[in-house]
There are 2 protein chains.
Amino acid sequence: MDKSICPRFEKAMTILSQRWTGMIIYQLLSGPQRFCTIESSIGVSGRVLSERLKDLEIEGIVKRKVYPDTPVRIEYSLTDKGIALEPLMRDIEKWSQSWLEV
Amino acid sequence: MDKSICPRFEKAMTILSQRWTGMIIYQLLSGPQRFCTIESSIGVSGRVLSERLKDLEIEGIVKRKVYPDTPVRIEYSLTDKGIALEPLMRDIEKWSQSWLEV
DNA sequence: TTAGTTAGTTACTTTATGTAAGTAATTATA
DNA sequence: TATAATTACTTACATAAAGTAACTAACTAA
């Protein structure tokens, strides 16, 4: 191993290439959403979604807000750090439109 | 499941969020490279690198060229479709510089 | 003849993810 | 009063993906 890749870039890749992470962030670009909404809109299992949201919260990309309604309502949304990923998501959209078949 | 996400976007995400795929593409942005160079520069195992390069070739993102030197030399490089991912990689670079600690 | 090279492959282990059922706290319904 | 329903998870178990290390083919060099 003779790496010369920027450790920040590597860390970004490690976060973003986790399965479902990109889809979760993309989904949250359209506004705050609840657990079950994210789950059904992208098709991730609850087990993994729960794990990813925790990781993304630790990374400061996603924030979790509890509303003490009944039953309890919890909303996940992007922080500024998360919103800063929007250009990247738009580039993925553009690339997919230009280069992928349906 | 009530997905409303563009299938092209989903496919792009599926490709790009495979572990090591992003790093391989990023590495190839600096020019054609051999198997062992990619392997040691990003730290991926030969087993997975071999698998990923095959997948990326099938997707038309990477091309493989054989030079019958001795020992044989094989160079991997990006196709136009692969080069089109550069803006996206630069976005990740920028985001990582702005938002991640070392 | 033995060792070295590149570009892989194979067998085996460890880790990650999927699946489906279960839980806690609370309200609604029969 | 008991049963069902809701949300946001967690748990246990099965399957899939990735890591590790040894091995292979084809050839050259010492």
Side-chain angles (χ1 to χ4, degrees), chain A residues 1-3 5 10-28 31-59 61-78, chain B residues 1-3 5 10-28 31-59 61-78:
Chain A
M1 277 216 265
D2 45 88
K3 298 192 199 176
I5 292 172
E10 259 196 272
K11 190 179 178 192
M13 270 297 185
T14 303
I15 297 169
L16 298 170
S17 70
Q18 288 271 87
R19 197 175 302 181
W20 297 111
T21 296
M23 291 302 278
I24 294 167
I25 294 167
Y26 182 74
Q27 188 62 26
L28 290 177
Q33 275 164 71
R34 314 176 64 168
F35 193 93
C36 61
T37 309
I38 303 171
E39 194 177 10
S40 62
S41 60
I42 67 177
V44 62
S45 70
R47 200 188 89 30
V48 173
L49 179 56
S50 161
E51 200 173 297
R52 285 300 178 276
L53 288 171
K54 263 178 216 158
D55 295 347
L56 288 169
E57 209 188 337
I58 289 167
E59 289 298 337
I61 292 168
V62 160
K63 53 178 181 273
R64 182 178 188 271
K65 191 166 182 186
V66 182
Y67 295 89
D69 296 359
T70 180
V72 68
R73 184 162 57 93
I74 291 163
E75 280 193 351
Y76 293 93
S77 57
L78 295 174
Chain B
M1 276 215 264
D2 44 88
K3 298 194 199 176
I5 292 172
E10 260 196 270
K11 190 179 178 193
M13 269 297 183
T14 303
I15 296 169
L16 297 170
S17 71
Q18 287 273 86
R19 197 176 301 182
W20 298 111
T21 296
M23 292 301 279
I24 294 167
I25 294 168
Y26 182 74
Q27 188 61 27
L28 290 177
Q33 276 165 71
R34 315 175 64 166
F35 192 94
C36 62
T37 308
I38 303 171
E39 194 177 9
S40 62
S41 60
I42 67 176
V44 64
S45 70
R47 200 189 81 44
V48 174
L49 179 56
S50 162
E51 199 173 298
R52 286 297 177 279
L53 288 170
K54 264 178 216 159
D55 295 346
L56 288 169
E57 210 188 338
I58 290 167
E59 288 298 337
I61 293 169
V62 160
K63 53 178 182 274
R64 181 178 188 272
K65 191 167 182 187
V66 182
Y67 295 88
D69 295 359
T70 181
V72 67
R73 183 161 57 93
I74 291 163
E75 281 194 347
Y76 292 92
S77 57
L78 296 175

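We name chains A, B, ... by the order of the sequence lines, and we start the count at 1 in each one. These figures come from a predicted structure and were not determined experimentally.
- Atoms CD1 and CG, on A/Ile61 and A/Leu28 in that order, are 11.0 Å from each other to the nearest 0.5 Å.
- Contacts with DNA chain C (heavy atom under 4.0 Å) in residues 12-24 of chain B: B/Arg19, listed by number.
- Partners of A/Thr14 by side-chain contact (heavy atoms from CB on, under 4.5 Å), not counting sequence neighbours: none found.
- Partners of B/Glu57 under the side-chain hydrogen bond (donor to acceptor under 3.5 Å, both in side chains) rule, at least two apart in sequence or in another chain, do not exist in this structure.
- When the P atom of D/dA18 is taken as reference, atom CG of B/Leu49 falls 13 Å away, rounded to whole Å.
- How far CD1 of B/Ile24 is from CD of B/Glu39: 10.5 Å, rounded to the nearest 0.5 Å.
- The side-chain hydrogen bond (donor to acceptor under 3.5 Å, both in side chains) check on B/Arg34 picks up nothing, with sequence neighbours excluded.
- For the helix from C/dT1-D/dA30 to C/dA30-D/dT1, the terminal axes (five pairs an end, C1' atoms, rotation from four pairs onto the next four) enclose an angle of 30°, given to 10 degrees.
- Taking the 5' to 3' direction, DNA chain C first and last meets chain B under 4.0 angstrom from a heavy atom at C/dT5 to C/dA16.
- Partner of B/Trp20 under the side chain to side chain contact (heavy atoms under 4.5 Å, CB included) criterion, out of B/Leu53, B/Val48, B/Ile38: B/Val48 alone.
- By the side-chain contact (heavy atoms from CB on, under 4.5 Å) test, B/Lys11 pairs with A/Leu100, B/Ile15, B/Glu59, sequence neighbours left out.
- Residue contacts for B/Tyr76: at a heavy-atom cut-off of 4.0 Å it reaches the sugar-phosphate backbone alone, with no base atom in range.
- Residues passing the side-chain contact (heavy atoms from CB on, under 4.5 Å) test with B/Arg47, sequence neighbours excluded: B/Ser45, B/Glu51.
- Residues B/Val44 and B/Met23 are not in side-chain contact: their nearest non-hydrogen atoms beyond the backbone lie 4.5 Å or more apart.
- If you check every strand for non-hydrogen atoms under 4.0 Å, B/Arg47 touches a base.
- Atom CD1 of A/Ile74 is separated from atom CG of A/Asp69 by 10.5 Å, given to the nearest 0.5 angstrom.
- Applying the ring pair (Phe, Tyr, Trp, His ring centres under 6.0 Å) rule to A/Phe35 yields no partners; only residues at least two apart in sequence or on another chain are considered.
- Checked against side-chain contact (heavy atoms from CB on, under 4.5 Å), A/Arg19 has the following partners two or more places apart in sequence or in another chain: A/Arg52.
- Going from atom CZ of A/Arg73 over to atom C1' of D/dC9 covers 17 Å, rounded to whole Å.
- With sequence neighbours left out, A/Gln27 forms a side-chain hydrogen bond (donor to acceptor under 3.5 Å, both in side chains) with A/Gln33, A/Ser41.
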Next on the checklist: I need a per-nucleotide contact map over nucleotides 22-30 of chain D, read 5' to 3'. Cutoff is protein heavy atoms under 4.0 Å; write B for the base, S for backbone only, - otherwise.
Outcome noted: -----SS--
